Every structure is written in structure tokens, then in C-alpha cells.
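What you see is a predicted model; the values in this text were computed from it and never measured. Chain identifiers are assigned alphabetically (A, B, ...) following the order of the sequence lines, protein sequences preceding nucleic acid strands; residue numbering begins at 1 within each chain.
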Protein chains: 2
Amino acid sequence: MFSKATEYALRATIYIAKQGTEEKKISIEEISKAIDSPQSFTAKILQLLTRDNKVVSSVRGPNGGFFLTEKAKNLPVRAILQAMEEDQLLEKCVLGLKLCSELQPCPMHAQYKTIKQQLIKLFVTKTIRQLADDTLEGAVFINNKKPRKK
Amino acid sequence: MFSKATEYALRATIYIAKQGTEEKKISIEEISKAIDSPQSFTAKILQLLTRDNKVVSSVRGPNGGFFLTEKAKNLPVRAILQAMEEDQLLEKCVLGLKLCSELQPCPMHAQYKTIKQQLIKLFVTKTIRQLADDTLEGAVFINNKKPRKK
DNA sequence: ATAAATAAAGATAACTTTGTCTTTATTTAT
DNA sequence: ATAAATAAAGACAAAGTTATCTTTATTTAT
């Protein structure tokens, strides 16, 4: 569905939101290890997310790193997609038509539309904080590690 | 959502199913013009769809071209995705995790799952014939032309 | 002030996808 | 048989994505 870059962006942001605060910033090394992503590539992606501190905030130097403000944690997950410029994907015609609307629908339009609407709703109503909280509680995961037997 | 190649595959197959029969085959030139796709690239894609006549059938030489058997027209749209090897996309974790299941879900899993199920259902229950018939009736479209005023 | 730790920026490489062009094989009509 | 029309196959090119490495800028601690 999304590009690798956006997948890493989503996982990295959730991890930072979960582990970090303005007082406890997270280094790129920790992030990429935690989410199983290539470190330098992830650094590049975080540069997009920190543009104008839109989603992620960062500080350089010792004890620097990444964090999300409390305000940023309340952003919808869609804000990550927007920062990655992969937001239009949610609106796109499934057959790739430039023109696909109620007036001139593609053959999948009517039925795909309702699925798209649910997708959009999901990304708009879910906040970064909600995802991070779930992860903190250990109910869900954002790495590729095999589950440990209880 | 899908690659360009798969978008062209979907549009081309629908067009062939709509316009062609075993008696009236459709040339790659006509197809690519009708669906607004690059001709040579579309030819390559149709080679994938004609492998073992899985979805599309073809004949070379004068009056040759592409068509779908009546049987092929009854295939689910998902058969096109399978031929394009883009079928796994419907099952993939939205965060790109290799491991994402009920046992070890990503933070989006529970809610994304229901959307995925609807997507799969759509591609499994819709047949190529249904899409082609809708298009024939002029209710829906598979090109990028501006709608004509009535 | 200096050194160390960190992210930002930039250059580049590897790989994939998309697209084009040329040659070959097959089929039909004459 | 030959020529023409078509798809198939293969080589290549262009563009985009993913990934790495090096250098620079910033911040902190000493």
C-alpha cells in the first residue's frame, strides 16, 4: 500500500511518541534498531517529518534526538502521510484514472469508494498518541521480532 | 495503491473483455489508445496476463490480437492481481511489518483488518465480466477523457 | 575553548519500475 | 511461396525509490 519510506515514517513516529518526551529524546540509532529500518534512510525520512516541526521535533548535539510534543501526539496519523506526501494515495482511483468521480466513475468506483472512505476515516480519527499508547501497553508491536513464548 | 503496471493490466483486461471476443480480437494499438497507456509497456504487461492463457488469450498474425474466453470473463478481478504478482498487497501489514497477525498485531492491525477484508471480498466477488458489462452500458469509464456534455 | 555527540545536508550508489525500441516468431491472405 | 500484420521476446534507457557514506552544523559537557 504505502512506500517503504512511509512505512518507516509511521513506525518511527509511533516509536518516538511511545518512548520519547521533550526531556527524553531518542537517537536515530535507537529508533532504527527498534523498528528494524536502515539507519541512514530513516534519518532522511525523519528530516521530512521534522520540517517545520510539523510532526516530529529534533535537537542536535549531546543528549539530542527526536521527540514529539504533546500537541504533536494528538495529530491524526494522516499527518504523517501528509508529511511524506503520500496522502493523495487515499483518494486515488484504484484503476489509476486521472478522472474518476461520481460524474465519470471507473468500474470499481462505487464499491471502492466506501472502502476508501473507511481508510480515510481510520487515518483521520486515529491519533499518533493512540497508536503509541497501545504499543506501550504491550498489546501491539512495531518491530519484526518473533513473539516470545509466555 | 497498485503499481502502474497493475493499473494498466486492470484497465486493459476490462477493455479487452468489453470489446473483444474470440471472433473479434483487439490489437495492442487499439487497447493502449483506448485506455491511455504506453503501448510497448502495455504489450509487456499483456504478456504476463497471457502466460498459460491464464487471464487473457492472444493470437499472432493478421487479424490477431487479444481476447478473453467466456470462461476467463468469469474470473474474479483478483486473478489479474495474481497474474501481476501484486496479490500479496491485499494481505500486507499497513506498517510493513513482516510479522503482523492476531498473535502479534501492529497498532493499526485490528482496524485495518476489516478494511482489508472488504478489499479482498471486493476483488474476489467482482468478476471481469461484471466490470466489462458496466463499461459497455456506458455507466462507467476506463479512459481519461473528459466527459461530454449531454 | 575544546572535544564529543548528535542531527542535517549532500553526494552517490544500487535497485526497481516504467518506458521505448529493435528483432524474432507466428499467422493469414494473396 | 511470399508479403503483410500481428504479438512475443529481448535489449536497453529513463526515472524513481531505497539505501549508504561523508561532510557539516549544532549543542552540550568538560
Student: What does dA29(C) pair with, Watson-Crick or G-U, if both distances are under 3.5 Å?
Tutor: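 When the pairing criteria are applied, dT2(D) turns out to be the nucleotide that pairs with dA29(C).
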Student: In terms of side-chain heavy atoms of Gln47(B), which of dA8(C), dT18(D), dA8(D) is nearest?
Tutor: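 Selected nucleotide (nearest to the side chain): dA8(D).
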Student: Please classify the nucleic acid contact of Ser40(B) as base, sugar-phosphate, or nothing, using heavy-atom distances under 4.0 Å.
Tutor: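 Ser40(B): base contact, heavy atoms under 4.0 Å.
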Student: May I have the distance from Phe2(A) (atom CZ) to dG16(D) (atom P), rounded to whole angstrom?
Tutor: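 Distance, rounded to whole Å: 21 Å.
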Student: For a quick check of understanding: with a heavy-atom distance under 4.0 Å over all strands, which category does Lys44(A) fall into, base, sugar-phosphate or nothing?
Tutor: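 It contacts base atoms.
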Student: Quick one: side chain to side chain contact (heavy atoms under 4.5 Å, CB included) partners of Lys33(B), sequence neighbours excluded?
Tutor: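 Residues passing side chain to side chain contact (heavy atoms under 4.5 Å, CB included) with Lys33(B): Glu29(B).
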Student: Between Lys25(B) and Glu30(B), does at least one N-O distance fall below 4.0 Å, as a salt bridge requires?
Tutor: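 Result for this pair is no, no salt bridge flagged.
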Student: Tell me: CZ of Arg51(B) to P of dA7(D), nearest whole Å?
Tutor: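 For the pair Arg51(B) CZ and dA7(D) P, the rounded distance is 17 Å.
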Student: Could you state the CZ-P distance from Phe41(A) to dA13(C), rounded to the nearest angstrom?
Tutor: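 Going from Phe41(A) (CZ) to dA13(C) (P), I get 18 Å.
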Student: Examine dA8(C): is either OP1 or OP2 under 4.0 Å from a nitrogen or oxygen in the side chain of Thr50(A)? Give yes or no.
Tutor: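 The answer is yes; a side-chain N or O of Thr50(A) sits under 4.0 Å from OP1 or OP2.
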Student: With respect to the phosphate group of dA5(C), does any side-chain polar atom (N or O) of Ser27(A) fall under 4.0 Å of OP1 or OP2?
Tutor: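 It does not, given that no N or O in the side chain of Ser27(A) lies less than 4.0 Å from OP1 or OP2 of dA5(C).
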Student: From CG of Leu46(A) over to P of dT6(C), roughly how many Å is that when rounded to an integer?
Tutor: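 About 15 Å, once rounded to whole Å.
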Student: Taking CD from Glu86(A) and P from dG16(D), how many angstroms apart are they, rounded to a whole number?
Tutor: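 Rounding to the nearest Å, CD of Glu86(A) and P of dG16(D) are 15 Å apart.
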Student: Between Glu137(A) and Lys18(A), does at least one N-O distance fall below 4.0 Å, as a salt bridge requires?
Tutor: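 Salt bridge absent between Glu137(A) and Lys18(A).
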Student: Which is more 5' along DNA chain C, the nucleotide nearest Ala43(A) or the one nearest Pro62(A)? Just name the residue.
Tutor: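 Nearest nucleotide further toward 5': that of Pro62(A).
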Student: How long is the line joining NZ of Lys4(A) and P of dA19(D), in whole Å?
Tutor: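 Those two atoms, NZ and P, are 6 Å apart.
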Student: Looking at dA19(D), does its base get a donor-acceptor pair with the side chain of Gln39(A) below 3.5 Å?
Tutor: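 Side chain to base: no pair below 3.5 Å.
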Student: Tell me which nucleotide among dG19(C), dA8(C), dT26(C) gets nearest to the side chain of Arg60(B).
Tutor: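 Nucleotide nearest to Arg60(B)'s side chain: dT26(C).
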Student: Do NZ/NE/NH1/NH2 and the carboxylate oxygens of Arg78(A) and Glu91(A) come within less than 4.0 Å?
Tutor: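 Answer for the salt bridge query: yes.
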Student: Between the main-chain N or O of Leu81(A) and the side-chain N or O of Glu85(A), is there a donor-acceptor pair closer than 3.5 Å?
Tutor: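 Not at all, since once roles are kept as given, no pair shorter than 3.5 Å links the two residues.
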Student: Hunt down the Watson-Crick or G-U wobble partner of dA14(C), both distances under 3.5 Å, from any strand shown, or write none.
Tutor: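 Paired with dT17(D).
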Student: Are the ring centres of Phe2(A) and Phe123(A) closer than 6.0 Å?
Tutor: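 They qualify: ring centres under 6.0 Å apart.
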Student: Does Ser3(A) or Gly64(A) map to a spot on DNA chain D nearer the 5' end, using the closest nucleotide for each?
Tutor: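 Looking at DNA chain D, the more 5' nearest nucleotide goes with Ser3(A).
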Student: For dA8(C), what is the paired nucleotide under Watson-Crick or G-U wobble rules, both distances under 3.5 Å?
Tutor: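 In the structure as shown, dA8(C) has dT23(D) as its Watson-Crick or wobble partner.
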Student: Taking only the side-chain heavy atoms of Pro38(B) (C-beta and beyond), determine which of dT20(C), dT27(D), dA8(C) contains the nearest atom.
Tutor: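 Ranking dT20(C), dT27(D), dA8(C) by closest atom to the Pro38(B) side chain puts dT20(C) first.
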Student: Looking across every strand, which nucleic acid part, if any, lies under 4.0 Å from Ile26(A) by heavy atom: base, sugar-phosphate, or nothing?
Tutor: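 Touches sugar-phosphate only.
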Student: Separation of Ile45(A) atom CD1 from dA8(C) atom C1', in whole Å?
Tutor: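 For the pair Ile45(A) CD1 and dA8(C) C1', the rounded distance is 15 Å.
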Student: Hey, does the side chain of Asn63(A) come within less than 4.0 Å of dA5(C)'s phosphate (OP1/OP2), counting only N and O?
Tutor: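 So the side chain of Asn63(A) is outside the cut-off, no N or O lying under 4.0 Å from OP1 or OP2 of dA5(C).
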Student: Respond yes when some side-chain nitrogen or oxygen of Tyr8(B) is under 4.0 Å from OP1 or OP2 of dT18(C), and no when none is.
Tutor: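 No, because none of the side-chain N or O atoms of Tyr8(B) sits under 4.0 Å from OP1 or OP2 of dT18(C).
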Student: Hey, which sits more toward the 5' end of DNA chain D by its nearest nucleotide, Thr6(A) or Ile28(B)?
Tutor: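 Taking each residue's closest nucleotide, the earlier one in sequence belongs to Ile28(B).
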Student: What is the distance, to the nearest angstrom, from the CD atom on Glu30(B) to the C1' atom on dT6(D)?
Tutor: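 It is 14 Å, rounded to the nearest whole Å.
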